[in-house]
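Report on one structure; see the data block that follows.
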Amino acid sequence: MNAATTAVPVIAIDGPSASGKGTIAEAVAKELGFHYLDSGSLYRLVALAAVKEATRLDDEAALARRALHLHATFEGGEIFLFGQKVTDAIRSEECGKGASRVAALPAVRAALLARQRAFREAPGLVAEGRDMGTVVFPDATLKVFLTASAEIRAERRYKQLKEKGIDANIRTLLLELRERDARDSARSVAPLQKAADARELDSTGLGIEDIVRQVLDWYRQRVAGSQHQ
Ligand code: DC
């Protein structure tokens, strides 16, 4: 990273699965006219590519190579993998599970690091995931750790799937969420954890607009504070 890139502000939003990070990060980015990074989609793309190519999800070296040479493009809300539209395919529970497995492999995480940092472009970036504030953008202007009870998160995921016409069972979703939380939090590299300097926001019982407003208020306070130093 050079001085020009580190001067570009980053808002890092981390948290567990289905905590609403994506919706919040996108809305904050839109409000500020910033770029947006959904880092989980990169892990999902690696998992999808692996399944398509019949690569085993524990073959760390092969997966890291795939991550390094992942031909993925993001265009107007759509995601393409090797030219094929995979926006919906990577959202499946199956792909989420695979992503959580490949994300536990240090070589895969290392291979995706530069690609994530390249999203840092003027006028700013809102990046969401699990380790945005701890590993990828440790110098972020604002770090938010977004949480919500597992029950609320399972309910949100259930509604999202239903809206897409995908059949789901709320109890299975809750079990899977807990399993994924445990794996994402217990892994040895870049586990899901709140950065020491992150602000925690529990979204249980809050509406999307309230959360977005809170993040924007914190960001504006940070910017105003740094200008007065
Ligand atoms: O946010 P998501 O559900 O799309 O993420 C899919 C998986 O990728 C998740 O189980 C954990 C992993 N992930 C990660 O390890 N680090 C990130 N920065 C983002 C996602």
Side-chain angles (χ1 to χ4, degrees), residues 13-27 29-30 34-121 125-132 136-137 156-169 172-173 176-177 179-180 183-184 187 189-190:
I13 303 182
D14 289 305
S17 293
S19 56
K21 301 182 304 286
T23 310
I24 303 305
E26 255 187 298
K30 196 167 170 211
F34 280 12
H35 299 280
Y36 163 58
L37 167 62
D38 162 12
S39 61
S41 69
L42 296 174
Y43 292 96
R44 287 173 181 266
L45 284 164
V46 174
L48 184 65
V51 169
K52 282 182 189 284
E53 293 161 2
T55 302
R56 284 178 43 166
L57 293 185
D58 58 358
D59 186 342
E60 184 165 6
L63 292 167
R65 274 196 303 278
R66 173 42 68 230
L68 204 56
H69 304 289
L70 196 66
H71 187 76
T73 45
F74 297 79
E75 285 166 30
E78 300 286 0
I79 304 177
F80 298 84
L81 178 64
F82 295 100
Q84 203 186 351
K85 191 153 103 177
V86 294
T87 322
D88 292 333
I90 61 161
R91 293 290 147 217
S92 72
E93 287 303 296
E94 198 55 35
C95 216
K97 231 189 271 178
S100 172
R101 284 184 62 190
V102 303
L105 304 170
V108 172
R109 303 199 72 86
L112 290 177
L113 203 52
R115 187 185 285 259
Q116 294 175 82
R117 289 184 175 151
F119 278 81
R120 186 175 198 166
E121 281 193 70
L125 174 68
V126 183
E128 52 108 343
R130 305 293 188 289
D131 62 343
M132 297 298 99
V136 184
F137 303 108
R156 285 182 190 157
R157 178 65 42 95
Y158 179 75
K159 278 191 197 147
Q160 275 171 1
L161 291 171
K162 279 271 161 194
E163 275 164 22
K164 286 187 198 156
I166 302 171
D167 229 9
N169 175 299
T172 314
L173 285 174
E176 285 181 352
L177 265 183
E179 218 174 87
R180 194 121 71 89
R183 185 163 41 221
D184 293 343
R187 67 178 178 227
V189 279

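Quantities reported herein were computed from a predicted structural model and do not represent experimental measurements.
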Residues in side chain to side chain donor-acceptor pair (under 3.5 Å) with Ser17, at least two apart? Arg130, Arg180
Using a strict cut-off of less than 4.0 Å between a Lys/Arg side-chain nitrogen and an Asp/Glu carboxylate oxygen, indicate whether Asp58 and Arg101 qualify as a salt bridge. no
Could you list all the salt bridge (charged side-chain N to carboxylate O under 4.0 Å, His left out) pairs where at least one residue sits in residues 61-76, not counting sequence neighbours? Glu53-Arg66
Under the side chain to side chain donor-acceptor pair (under 3.5 Å) rule, collect the residues that match up with Asp59, sequence neighbours excluded. none
Please evaluate residues Asp14 and Glu128 with respect to the criterion side-chain contact (heavy atoms from CB on, under 4.5 Å), reporting the C-alpha separation (whole Å), side-chain torsions for both, the decisive distance (0.1 Å), and the verdict. CA-CA 6 Å; Asp14 289 305; Glu128 52 108 343; over 6 Å; no
Assess whether side-chain contact (heavy atoms from CB on, under 4.5 Å) is satisfied between Glu93 and Leu173, documenting all intermediate values. CA-CA 9 Å; Glu93 287 303 296; Leu173 285 174; 3.9 Å; yes
In terms of heavy-atom contacts, Ser19 and Arg156 come closest through O-NH1, 3.1 Å
Can you name the nearest heavy-atom pair linking Ala50 to Leu63, along with the distance? CB-CD2, 3.5 Å
Output for pair (Glu179 CD, Thr172 OG1), nearest 0.5 Å, gives 11.0 Å
Set of residues satisfying side chain to side chain contact (heavy atoms under 4.5 Å, CB included) with respect to Ala18, sequence neighbours excluded: Arg153, Arg157, Leu177
Which heavy atom in Gln116 sits nearest to a heavy atom in Phe137, and how many Å separate them? O-CZ, 3.5 Å
Residues in side chain to side chain contact (heavy atoms under 4.5 Å, CB included) with Glu60, at least two apart? Leu105, Pro106, Ala107
Between Phe34 and Leu125, is any pair of side-chain heavy atoms under 4.5 Å apart? no
On a heavy-atom basis, the closest approach of Leu70 and Val46 is CD2-CG2, 4.0 Å
Rounded to the nearest 0.5 Å, what separation is found between the CG atom of Leu37 and the CG atom of Leu42? 6.0 Å
Is it the case that more than 12 heavy atoms not belonging to Lys164 sit under 6.0 Å from its NZ atom? yes
Under the side chain to side chain donor-acceptor pair (under 3.5 Å) test, residues paired with Arg115 that sit two or more places apart: none
Pairs satisfying ring pair (Phe, Tyr, Trp, His ring centres under 6.0 Å), at least one member in residues 92-121, at least two apart: Phe74-Phe119
With sequence neighbours excluded, residues passing side chain to side chain donor-acceptor pair (under 3.5 Å) with Ser92: none
Is any side-chain heavy atom of Leu81 closer than 4.5 Å to one of His71? no
Nearest-0.5 Å distance, CG of residue Leu48 to SG of residue Cys95: 4.5 Å
To the nearest 0.5 Å, atom CG of Leu161 lies from atom CG of Asn169 at 11.0 Å
Report the distance from atom CG of Asp131 to atom CG of Asp184, rounding to the nearest 0.5 Å. 10.0 Å
Identify each donor-acceptor pair in which a side-chain atom of residues 82-89 lies under 3.5 Å from a protein atom, sequence neighbours left out, and give them as a table.
from: Thr87; atom 1: OG1; to: Glu78; atom 2: OE1; distance (Å): 2.6
from: Thr87; atom 1: OG1; to: Ile79; atom 2: N; distance (Å): 3.0

Could you report the tightest heavy-atom contact between Ala25 and Ile13, atom names first, then the distance? CA-CD1, 3.9 Å
Residue Lys162 excluded, over 12 heavy atoms near NZ under 6.0 Å: yes
Give the minimum heavy-atom separation between Ala111 and Ala64, together with the two atoms involved. CB-O, 3.6 Å
According to side chain to side chain contact (heavy atoms under 4.5 Å, CB included), who are the partners of Thr23, at least two apart in sequence or on a separate chain? Ile208
Pairs involving residues 40-49, ordered by first then second residue, that meet side-chain hydrogen bond (donor to acceptor under 3.5 Å, both in side chains) (sequence neighbours left out): Tyr43-Arg109
Please enumerate all residues that pass side chain to side chain contact (heavy atoms under 4.5 Å, CB included) together with Ala27, with sequence neighbours excluded. Val212
Pairwise distance CE(Met132) to OG(Ser39) - rounded to 0.5 angstrom: 3.5 Å
